[in-house]
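Working notes for the structure below.
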Amino acid sequence: MLTDFFYHLRARKLPVSVQEYLTLLQVLQARIMPPTVDDFYHLARMTLVKDETLFDRYDQAFGEFYRTLEAALPESKEIPLDWLIKEFQKNLTPEEKAAIEKHGWDKLMELFKERLEEQQKRHAGGNKWIGTGGSSPFGHGGYHPEGIRLGGPSAGNRTAIKVWEKREYKDYDDQQELGTRNFKMALRRLRRFAREGAEMELDLDHTISSTARNAGFLDLQMVPERHNTVKVLMLLDVGGSMDDHIARVEELFSAARSEFRHLEVYYFHNCPYESLWRNNQRRHAERFDTWDVLRKYNDDWRLIIVGDATMSPYEILQPGGSVEHYNKETGAAWLQRLLENWPKAVWLNPEPAAYWKYRQSIAVIQNIMHDRMYSVTVSGLEQAMRMLSK
């Protein structure tokens, strides 16, 4: 079987050597991993693929090979575990969802500590214990209007107010070109030109008048090139519900990189707190104290915050309300400091404006921003740039 796997990878243009294949066999003989498909996938990738740029090609080749094997196996009458778990995920009606009790922040944290101390085994489909599916406020895969997600992925409701897991985010790509032209045109409304640097550009009007005064002998007049001197500090929300808006935010980010000569970018998740970061892969190791950022850039800078403002209201209004960590001060307090430091500030929201009225957190952010929230559309950007140009 593994010989076929080796030749299958080679046929898919993956540069797998015989020595690497033999190393894989040696590792399998050492029995250092559980005999599961997922563990074999990771082990084979680590052993056989030398370049991470080939991971996507490896994923496709592995999937093709696995589907071939799966089709050749006899049909099993066993019910898959993941199917059973999905059955516990209740499809609640709007009325049933509305009837589920909200405990409030302090009560929810108290109940969570009690469950951790009392629970002795796995649960699924219930409304009390930490488990899968159901309407318990603790676990994953179910529904609760104010829950704590842990142990697995979201069921898509996005109502958790805390998430206990390590979450990896990717930086936004600032090299996107398709679809950014309209954004560039809208961002150009925020311009303040000045001539800086060496004399590199022909000054046509002065060249004509100087040549005329010089009895027709050409007298070239040069001036420094004009540059947009506006300084923009951009804070980008990343991860969670923002994954739905990656393409649009990348187009906006690319346009901003192109239009603003002075552009500084930091990341945050859901709401700015006591620290920000520049690189999502190193966000746990390389953070910037928000106080330092506040002191670094003076009030000449314009502040643009980009985020869907879709979160639990606790993340804005409650100490410790952050979905990922314990924040000593509320998100609202940090937002207020940002606005005091940079009075010329706007919030750009990629979530369609028609949905804003259904998100309580958006209304809270709009109030803090004094209604300076605009949609990530051409017209929305034009309105935002006019506001920043005042």
Side-chain angles (χ1 to χ4, degrees), residues 172 174 176 179-194 226-238 242 245 248-268 270-272 276 290 293-311 316 331-390:
Y172 289 121
D174 62 356
Q176 294 287 328
T180 62
R181 184 176 181 277
N182 288 336
F183 283 167
K184 290 180 181 180
M185 298 301 293
L187 292 175
R188 284 176 188 172
R189 292 187 177 275
L190 180 57
R191 294 185 292 186
R192 186 172 60 197
F193 285 114
R226 295 174 76 221
H227 293 288
N228 188 356
T229 58
V230 168
K231 302 173 183 177
V232 174
L233 176 63
M234 184 173 281
L235 306 184
L236 298 173
D237 184 7
V238 64
M242 282 297 291
H245 311 294
R248 178 169 291 187
V249 173
E250 286 185 338
E251 290 175 357
L252 173 64
F253 189 21
S254 294
R257 279 285 188 210
S258 165
E259 291 302 315
F260 301 130
R261 185 184 182 190
H262 304 285
L263 176 67
E264 295 291 335
V265 178
Y266 292 87
Y267 290 100
F268 67 94
N270 281 355
C271 189
L276 307 166
T290 307
V293 176
L294 287 165
R295 288 188 284 263
K296 182 176 181 180
Y297 306 100
N298 60 29
D299 58 7
D300 285 346
W301 290 72
R302 270 71 166 175
L303 175 64
I304 298 178
I305 305 175
V306 182
D308 61 3
T310 299
M311 67 197 90
I316 311 168
W334 285 106
L335 280 174
Q336 191 60 46
R337 290 186 182 118
L338 295 176
L339 296 180
E340 290 172 358
N341 200 65
W342 298 291
K344 295 184 177 180
V346 296
W347 186 296
L348 301 181
N349 192 335
E351 185 80 0
Y355 298 157
W356 292 4
K357 60 184 177 181
Y358 301 110
R359 309 278 195 266
Q360 183 180 355
S361 57
I362 292 181
V364 175
I365 295 289
Q366 279 183 304
N367 184 54
I368 296 173
M369 294 295 301
H370 307 295
D371 290 325
R372 286 176 288 173
M373 180 180 287
Y374 304 92
S375 60
V376 182
T377 60
V378 173
S379 60
L381 288 178
E382 288 178 346
Q383 294 176 50
M385 295 308 105
R386 289 194 191 99
M387 174 63 68
L388 293 177
S389 299
K390 293 180 179 179

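- R302 places a side-chain N or O within donor-acceptor distance of the main-chain N or O of L388, the cut-off being under 3.5 Å.
- Residues V249 and M242 approach most closely at CG2-CE, 3.7 Å, considering heavy atoms.
- Here the NZ atom belonging to K231 is positioned 13.0 Å from the NZ atom belonging to K344, to the nearest 0.5 angstrom.
- With rounding to the nearest 0.5 Å, the separation of CE in M387 from CD in E382 is 14.5 Å.
- The two atoms that bring V346 and A384 nearest to each other are CG1-O, 4.0 Å, heavy atoms only.
- Side-chain atoms of R359 do not come within 3.5 Å of backbone N or O of W356 as any donor-acceptor pair.
- Summarising the geometry, atom CD1 belonging to I316 is positioned 10.5 Å from atom CG belonging to N367; distances are rounded to the nearest 0.5 Å.
- Residues I305 and L348 form no side-chain contact, since every pair of their non-hydrogen atoms from C-beta on lies 4.5 Å or further apart.
- The shortest non-hydrogen separation linking P350 to R248 is O-NH1, 3.9 Å.
- Listed here is the closest heavy atom pair of M373 and A309: CE-CB, 4.1 Å.
- Within the model, atoms CG of L236 and OH of Y266 stand 12.5 Å from one another, a figure rounded to the nearest 0.5 Å.
- Counting only distance, with no hydrogens or angles, the side chain of W347 and the backbone of G307 share a donor-acceptor pair below 3.5 Å.
- The two residues M311 and C271 make their nearest non-hydrogen contact at SD-CB, 4.0 Å.
- W342 places no side-chain N or O within 3.5 Å of a backbone atom of I304 that could act as its donor or acceptor partner.
- Proximity of P272 to L338: side-chain heavy atoms (C-beta onward) are separated by under 4.5 Å at one or more points.
- Side-chain contact check for N349 versus V376: every heavy-atom pair is 4.5 Å or farther apart.
- Side-chain atoms of T310 come within 3.5 Å of backbone atoms of D308 as a donor-acceptor pair (strictly under, hydrogens ignored).
- No side-chain heavy atom of V232 sits less than 4.5 Å from a side-chain heavy atom of E264.
- Listed for the D237 side chain is no donor-acceptor partner under 3.5 Å among the backbone atoms of V306.
- A pairwise comparison of heavy atoms in D300 and N298 identifies N-OD1, 2.9 Å as the closest pair.
- Side-chain contact check for V265 versus L233: every heavy-atom pair is 4.5 Å or farther apart.
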Quiz item: After noting the C-alpha distance and the side-chain angles of D299 and N341, does the key distance pass the side-chain contact (heavy atoms from CB on, under 4.5 Å) rule?
Solution: CA-CA 6 Å; D299 58 7; N341 200 65; over 6 Å; no
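- Atom CD1 of I362 sits about 12.0 Å away from atom NZ of K357, to the nearest 0.5 Å.
- Remark: side-chain polar atoms of S258 are not paired, donor with acceptor, to backbone N or O of S254 under 3.5 angstrom.
- For the atom pair CZ (R372) and CD1 (I365), the distance works out to 13.0 Å, reported to the nearest 0.5 Å.
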